[in-house]
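One structure below.
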Amino acid sequence: MKIVSWNVNGIRARIDAVAAFLERNEPDVLGIQETKVVDDDFPFEELGRLGYQVSLAGQPAYNGVAIASRMPLTDVKVGLFDDGPDAEKRLIAVTTGGVRVVCTYVPNGKSVELPSFQEKLRFLERLRTTLDVTASPDAPLVLLGDFNVAREARDVYDPQAFAGRLHFHPDEHRALDRVLAFGLFDAYRALHEDAGRYSWWDYRSGDFRNNRGLRIDYLFVTQGLRDRLRSAVIDVEPRREPKPSDHAPVMIELDLG
DNA sequence: ATGGTCGAACCTCGA
């Protein structure tokens, strides 16, 4: 089973790029972040033509998450365990092909001294609790998405400049480590030790051209799935195209026999 | 050089 995480930065602006990626790679499941569209305007037909069904949680202009799968989607659950009715649409969970897939878009946090940063940390705490109350580390589960946190120095193009700043702050590291302590493993890191492999580059200042990026998009898997990991790839090709998302898709392959 | 570039919807915000 091939599973992808991709922050598309607007599904309507990116539908052709997404379709091209799906045709090239034929993943079974695609977790999408930052759809930036209300449910009624989501491009279901384009994905349907390629054989994908979609579960989604959209809102106007900002945020929005979706999961597309070639297999039936069941037990769809939107939001963190304690989300109120007006919560931003940042998490959707489904079961497909026997795997629980949780797709999330963690708040950016804006800047470490602002209230938004504390909300980001709280989101990660609440994400851990959501896993605790709805899932088991002994079952096949993939938690994927844009976490807006680079975990290690090798995930940052200039670790000294980023030290203590947004995306690379010790409080963010502790909060994300708490999520992983549920019983999850970073699929890309389980297979690759290399530095300089990023999933996001700022649109500005030629950052992609100069590989000034961060690895902030992850697929985290439970132990049983880690033992069945066959590959993990960050596909930078879509980032090279005209009108790209600022994020690259990350894909894993699981041998589920 | 405190810059720069996107998407969505609106004349600005969030990233």
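Numbered from 1 within each chain, the chains take letters A, B, ... in sequence-line order. Predicted, not measured: the structure shown is a model, and the values here were computed from it. Quick note: numbers below take in every heavy atom, side chains included, and nothing from hydrogens, waters or symmetry partners.
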**Fill in**
A:D207 CG to B:dG4 P, in whole Å, measures 14 Å
**Message:** To the closest 0.5 Å, what do you measure between NE2 (A:H169) and CZ (A:R174)?
**Reply:** 8.0 Å
**Asked** Which whole-number value in Å describes the distance from A:N108 CG to B:dA15 C1'?
**Response** 6 Å
**Ring centroid separation A:F147 to A:F220 under 6.0 Å** = yes
**Asked** Between B:dG7, B:dG4, B:dA15, which nucleotide has the shortest distance from any of its atoms to the side chain of A:R90?
**Response** B:dA15
**Fill in**
Output for pair (A:L127 CG, A:L143 CG), nearest 0.5 Å, gives 5.5 Å
**Residue whose closest nucleotide on DNA chain B lies nearer the 5' end, A:P244 versus A:H247** = A:P244
**For atom CG of A:L166 and atom C1' of B:dT2, their distance in whole Å** = 16 Å
**Prompt:** Across the strands shown, which category fits A:D246 at heavy-atom distances under 4.0 angstrom: base, sugar-phosphate, nothing?
**Reply:** nothing
**Message:** Looking only at the aromatic ring of each residue, does the gap between the centers of A:H173 and A:F168 stay below 6.0 angstrom?
**Reply:** yes
**Item:** Among B:dG7, B:dA8, B:dA15, the nucleotide that comes nearest once only the side chain of A:R12 is considered
**Value:** B:dA8
**Message:** Taking any heavy-atom pair under 4.0 Å as a contact, classify A:Y105: base, sugar-phosphate, or nothing.
**Reply:** sugar-phosphate
**Shortest side-chain distance from A:A61, nucleotide among B:dT5, B:dG4, B:dA8** = B:dA8
Considering only distance and modelled atom types, tabulate donor-acceptor pairs under 3.5 Å from the side chains of residues 15-30 of chain A, sequence neighbours left out.
unit_1: A:N25; atom_1: ND2; unit_2: A:F21; atom_2: O; d: 3.0
unit_1: A:D28; atom_1: OD2; unit_2: A:K2; atom_2: N; d: 2.8

**Fill in**
Rounded to whole Å, CD of A:E88 lies from P of B:dA8 at a distance of 17 Å
**Asked** In terms of the nearest nucleotide of DNA chain B, which residue is placed more toward the 5' end: A:G109 or A:G10?
**Response** A:G10
**Item:** For the student: nearest non-hydrogen atoms of A:L121 and A:D171, plus distance
**Value:** CD2-O, 3.5 Å
**Prompt:** Rounded to the Å, how far apart are A:F147 CZ and B:dA15 P?
**Reply:** 17 Å
**Asked** A:H167 vs A:W200 aromatic rings, parallel, tilted or perpendicular, using cut-offs 30° and 60°?
**Response** tilted
**Request:** Rounded off to whole Å, could you give me the NZ-to-P distance for the A:K243 and B:dA8 pair?
**Result:** 9 Å
**Prompt:** For DNA chain B, what residues of residues 34-46 of chain A have any heavy atom nearer than 4.0 Å?
**Reply:** A:K36
**Whole-Å gap separating C1' (B:dA1) and CZ (A:R204)** = 14 Å
**Message:** When the P atoms of B:dA9 and B:dG14 are compared, how many Å lie between them, rounded to an integer?
**Reply:** 15 Å
**Message:** From CD of A:Q33 over to P of B:dG7, roughly how many Å is that when rounded to an integer?
**Reply:** 17 Å
**Prompt:** On a whole-Å scale, what distance lies between the P atoms belonging to B:dA1 and B:dC11?
**Reply:** 34 Å
